[in-house]
Amino acid sequence: MNVFSNIKYKYKSIVRYNQILRVLLKYGFEDLVQYLREKDKYTFFLRFVPKSSQVHAAQYTKWEKMRLVCEELGPTFIKFGQILSNRPDLIPFDLVLQFEKLQDEVPPMDDKKAKEVVVSELKDSIDNLFAWFNPKPFASASMAQVHKVTLKSGKRVALKIQRPGIKKIILEDIKVMYSVAEVLEKRIPSLKSFDPIGLVKNFEESILKELDFINESINAQRFYNNIAQDNSPDQFASAPKVYQKYTTEKILALEFISGIKINRIEELDKKGIDKEVIAKRLSISFFKQIFEYGFFHADPHPGNLLVLPNRHICYLDFGMMGSILLRDIKVFGSLFIAVTNKNVTKIIKALQQLSNTTVIENKRELEFDINEFLEKYYVRDVHENEISTVLLELKDIIVAHGLKVPSHFYLFARSMVTIEGVIQKLDPALDQFDMVRPYLSRSVTKDYNPLKMGKKVVNSLYEMTNYMEEFPSDLKNAIRKINSGEIKVNLTHKGIDAMVYAIHRVTKQVVTAFILVALIIGSTLFIVTAIPPFWKDISIFGLIGLFFAFIIGVSVIRDIRKKDFHHW
């Protein structure tokens, strides 16, 4: 049986590889066609390309084609693209914008299958579990769909049901991704700095968490608790309650909340809801999540935001959340205060704290770039008072100078872009810096409470006393290790990858040149010695050989003209 299951697994893998290769060839071919059209090279090849392919090739940019590749390859690659859209430090900004557009809406699964998943997970019949179960979902995606149900108690619930077999499909695709990542690391040494295998590993961890609805229920409960425990007068957020009894790894039961989607301006106007008030409350609720809770909604698009009758903002869908350390909250506060005060030195200090970098190479250049950014930002009218603009421009400076900031910085930036897009439609004149200023001040001055400072001093003295007790023995151990030769120094040779790549490239060119020479000589002999079959008295085998020699020759010339792009 193991033999047959192994054959079956290998067959499935081959089929999936074939699908991926077919899609990549399709869009890669179109990209080549567009390149030939733009550069006006080898135009005679275009005569053999169907007009439909030429039109499709010209219709989309290369970044749009990469988005279409992900959409065509299915849910795993769509999710991978969506997660990569949060890493502008790794991929071009134009590609980030395309990956943010990725949609995974698919037709709903059969209601019979949905019910089977519920019965299998909750170990009871639909009639015993619920007073009413709507067979038609009101939301459907590639990984799950949501049904309205009513509990026996009369409570209305949104029941999220995972598609059967989706986890198996995703795990198969992840194996393919690992294979591709390994090939990329081996064949293109310069990509090692992007850590393709590490990226796939991070994606695997992220999507497996998303497939586990217990994890999403924990996020939802944590978000709900933060709001419930906040009794301040500026608490304007809301969240659905989690029904743990009806929640498993593949089923998530949340309180069903009715409201108006925040982007439906006409409906808000009909209900007499002041859009400016809603814009302020949305802004305040988001800044509280960042600077007070340290746990924020990382995907606040209009579909995940409802306006309730009491004018509160209800957040939905807790699959993608951001978590910030208390230390980083203070750094964020210091960073924004430094930006508003145009203090270059404090901005650099905040970036150093975020990236855990003690020494910055080309600090003078970094000071110049930040100063230029501040001067330009404060004299322009476009994007005035937009925090997302500050974050995105700082992101470009961070990437350019090789600083490694935590991933939640990029999540915060992306979420801020989304939130400000919603606010722009509600109240374009709202000044985000006015909204955030009180929370910045509180986050920075929170530790200056005399009681907290006293506790810190006492703790520091206690730790210092303990350390001084251990110091003599630590020093003695260190001296023993030095005397016994146990201390070792590791040396790392930098730049070896580029050299290995260059050797491989030259070797490949030499081997190709030998093959080319052999083809030309062999083909010439076929023609000279008149070996049949013939085409117009010329040996066909000789003509075929010369044709292949021409193709190889063109590719060798192009390869040589490219020079050595090991920094690609």
Side-chain angles (χ1 to χ4, degrees), residues 5 8-9 12 74-76 78-80 82-83 104-175 203-225 239-258 297-299 303-304 314-321:
S5 61
K8 189 179 178 182
Y9 163 71
K12 282 184 178 178
T76 315
I78 288 170
K79 288 291 175 188
F80 189 54
Q82 288 172 340
I83 288 169
D104 61 350
E105 291 181 2
V106 295
M109 60 180 162
D110 184 70
D111 62 299
K112 188 179 176 183
K113 286 184 180 178
K115 287 178 179 178
E116 283 173 0
V117 175
V118 175
V119 170
S120 171
E121 288 294 307
L122 300 180
K123 313 297 181 191
D124 207 342
S125 68
I126 297 292
D127 291 336
N128 287 340
L129 290 165
F130 310 113
W132 176 70
F133 180 99
N134 190 339
K136 290 186 178 180
F138 66 88
S140 176
S142 58
M143 286 171 55
Q145 61 188 42
V146 190
H147 292 254
K148 288 181 186 176
V149 302
T150 305
L151 303 180
K152 297 287 185 179
S153 63
K155 296 283 185 184
R156 295 173 70 201
V157 169
L159 199 69
K160 188 175 179 180
I161 305 168
Q162 192 175 115
R163 289 179 179 269
I166 190 68
K167 187 172 183 178
K168 193 175 180 183
I169 293 168
I170 287 170
L171 288 173
E172 291 291 336
D173 281 349
I174 287 171
K175 287 176 185 174
F203 167 68
E204 182 182 17
E205 290 170 1
S206 174
I207 200 164
L208 289 179
K209 277 184 184 177
E210 200 168 334
L211 282 167
D212 183 359
F213 288 172
I214 296 290
N215 182 66
E216 188 174 341
S217 75
I218 291 168
N219 287 341
Q221 190 63 53
R222 185 177 169 187
F223 193 85
Y224 179 88
N225 290 344
K241 181 184 174 183
V242 180
Y243 291 92
Q244 298 289 357
K245 183 182 173 183
Y246 302 94
T247 296
T248 69
E249 190 180 335
K250 296 179 181 177
I251 302 286
L252 175 61
L254 295 172
E255 176 187 4
F256 184 84
I257 296 180
S258 296
H297 199 294
D299 193 21
N304 288 337
C314 181
Y315 288 78
L316 306 172
D317 192 350
F318 304 94
M320 191 184 293
M321 305 295 289

- [ ] I would like to know whether L208 and L211 meet side chain to side chain contact (heavy atoms under 4.5 Å, CB included); could you show each step before the answer?
- [x] CA-CA 5 Å; L208 289 179; L211 282 167; 4.2 Å; yes

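- The shortest heavy-atom contact between I166 and S142 is CD1-O, 3.6 Å.
- The closest side-chain heavy-atom distance from S217 to Q244 is below 4.5 Å.
- Under the side-chain contact (heavy atoms from CB on, under 4.5 Å) rule, V117 has a single partner from E121, K113, K115, which is E121.
- A distance of 14.0 Å separates CD of E210 from CD of E205, quoted to the nearest 0.5 Å.
- The 12-atom threshold is not exceeded at NZ of K167, counting heavy atoms of other residues, nucleotides or ligands nearer than 6.0 Å.
- The cationic atom of K155 (NZ for Lys, CZ for Arg) does not lie both less than 6.0 Å from the six-membered ring centre of Y243 and within 45° of the ring axis.
- Looking at heavy atoms from C-beta onward, F130 lies out of side-chain contact with V157 at the 4.5 angstrom threshold.
- At distances below 3.5 Å, not a single donor-acceptor pair connects side-chain atoms of Q162 with backbone N or O atoms of K250.
- Annotation: the span from I174 atom CD1 to L171 atom CG amounts to 5.5 Å, rounded to 0.5 Å.
- Of the possible donor and acceptor atoms, one in the side chain of N219 sits under 3.5 Å from a partner among the backbone N and O of F318.
- Two residues are said to be in side-chain contact when any heavy atoms from C-beta on lie closer than 4.5 Å; T76 and F203 meet this criterion.
- Among all heavy-atom pairs drawn from D124 and L129, the shortest one is O-CD1, 3.6 Å.
- Annotation for D111 and P135: closest pair CB-O, 3.5 Å, computed over non-hydrogen atoms.
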Task: Candidate pair N215 and E249, rule side chain to side chain contact (heavy atoms under 4.5 Å, CB included), full reasoning - done: CA-CA 8 Å; N215 182 66; E249 190 180 335; over 6 Å; no

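- Summarising the geometry, atom CD1 belonging to I169 is positioned 10.0 Å from atom CZ belonging to R163; distances are rounded to the nearest 0.5 Å.
- The two residues A239 and Y224 have their closest heavy-atom pair at O-CD1, 3.4 Å.
- The two atoms that bring A158 and V146 nearest to each other are CB-CG1, 3.9 Å, heavy atoms only.
- In this structure, F223 and H297 have perpendicular ring planes: the angle between them is above 60°, well past the 30° mark.
- Side chains of K152 and N128 form no contact here, defined as non-hydrogen atoms less than 4.5 Å apart.
- Atom OG of residue S140 and atom NE2 of residue H147 lie 8.0 Å apart, to the nearest 0.5 angstrom.
- A heavy-atom distance below 4.5 Å is found between the side chains of V242 and L254.
- Of all the heavy atoms in P137 and Q145, the pair that sits closest is CG-NE2, 3.8 Å.
- Here L122 contributes atom CG and L159 contributes atom CG; the two are 7.0 Å apart, rounded to the nearest 0.5 Å.
- With rounding to the nearest 0.5 angstrom, the CE atom of M321 is 12.5 Å from the CD1 atom of I218.
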